[in-house]
Amino acid sequence: MKPLHSWEVSIEEAIRIQENLKDRLIPKKTFSSPKTIGGADVAYSTNKNFLFGAIAVLSYPEMKLIDTATAKGEISFPYLPGLFSFREGPILVKAFQGLRVKPDLLIFGGHGTAHPRGLGLASHMGLWFNLPSIGCARTPLLKEFDYPCLSRGSFEWIFLKGKKVGAVLRTKRGVKPVFVSPGHRIDLMTSIPIVLAACQRYRIPEPLRFAHRFSRKMMHGA
DNA sequence: GCGACAG
DNA sequence: ATCTTGTCGC
């Protein structure tokens, strides 16, 4: 795939890139029914110098592991809420290139459009890979939302300037909800049932759980 | 200026 | 994110 831009940019340039890429997002479903779903996650070494990206591809809706790829790299961008993709993006691109089976859709451990400038990690990487993508974060970034009731599947909207940009979704009864928002080539209403279906027994979608496990495994072995 | 702030 | 022991609950 062709790089959309350089990753070695200043904070000001990164923000400008986000504002430009935002208009290229396709906020609607561009696929029929996904046969595979990938999960992307990154682990950080204790010494604070390296990071390890992992992408796991699972069959959908069976959620059986089909393929996986990992990559190691040096941390080259600080952690700044709102600029997360510039920190984890490069290593995820590297991991993605090692995949033998490309997924029909990708779920990221971060936000999509539920982001101050409408371009979280999932949106950014969805554009980069030109794939439908969903953001599924464990904690909120935007603050305008209510908590859903305790039953699995219930949700509340996340708002940004009066617009619904995401959902606080209860993926497991009585357990802290996750924060779902569409990334690229998908809409919010389509994203919710997909994330729910990807959560079999745990709060976190299976593709993300696999990716998390593999990224940590690589970190310990390297 | 101060607090908030995905991982 | 990562560092960590026990501990409460299904």
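Each chain gets a letter, A, B and so on, in the order its sequence line appears, and its residues count up from 1.
- Heavy atoms of A/G109 sit under 4.0 angstrom from primed sugar atoms or phosphate atoms, though from no base atom.
- Residue-level contact check: A/P116 touches neither bases nor backbone, having no heavy atom under 4.0 Å from any strand.
- The side chain of A/K143 contributes no N or O atom lying less than 4.0 Å from OP1 or OP2 of B/dA4.
- The phosphate of C/dC3 has OP1 or OP2 within less than 4.0 Å of a side-chain N or O from A/R216.
- Between the P atom of B/dA6 and the CZ atom of A/F179 lies a distance of 11 Å, rounded to the nearest Å.
- When the side-chain nitrogen and oxygen atoms of A/T46 are compared with OP1 and OP2 of C/dT2, none of them lie within a distance under 4.0 Å.
- The side chain of A/Y79 places no N or O atom within less than 4.0 Å of a non-bridging phosphate oxygen (OP1 or OP2) of C/dA1.
- Put simply, OH on A/Y44 is 6 Å from C1' on C/dA1, counting in whole angstrom units.
- Across all strands, A/L83 comes closer than 4.0 Å to base atoms (heavy-atom distances).
- For A/H5 and A/H124, the ring centers are positioned less than 6.0 Å apart.
- Side-chain rings of A/W7 and A/F86 approach one another, their centers coming within less than 6.0 Å.
- Atom CD1 of A/I158 is separated from atom C1' of B/dA6 by 11 Å (rounded to the nearest Å).
- When the P atom of B/dA6 is taken as reference, atom CZ of A/R117 falls 13 Å away, rounded to whole Å.
- Counting any heavy atom pair closer than 4.0 Å across all strands shown, A/A114 reaches no nucleic acid atom.
- The distance from atom CZ of A/R87 to atom P of B/dA6 is 12 Å, rounded to the nearest whole Å.
- Within the nucleic acid shown, A/L121 comes within 4.0 Å of at least one base atom, counting heavy atoms only.
- Neither OP1 nor OP2 of C/dT2 sits under 4.0 Å from any side-chain N or O of A/S45.
- Computed from coordinates, the A/I134 CD1 to B/dA6 C1' distance equals 17 Å when rounded to whole Å.
- We find the CG-OG1 distance between A/L92 and A/T70 to be 11.5 Å, quoted to the nearest 0.5 Å.
- In this structure, CZ of A/F77 is placed 14 Å from C1' of B/dA6, rounded to the nearest angstrom.
- Between A/H212 atom NE2 and B/dG7 atom C1' there is a gap of 10 Å when expressed in whole angstrom units.
- Within the 6.0 Å centre-distance limit, the rings of A/F96 and A/F129 are counted as a close aromatic pair.
- In this pair, A/Y147 and A/F179 present their aromatic rings perpendicular. The plane angle is above 60°, beyond the 30 to 60° band.
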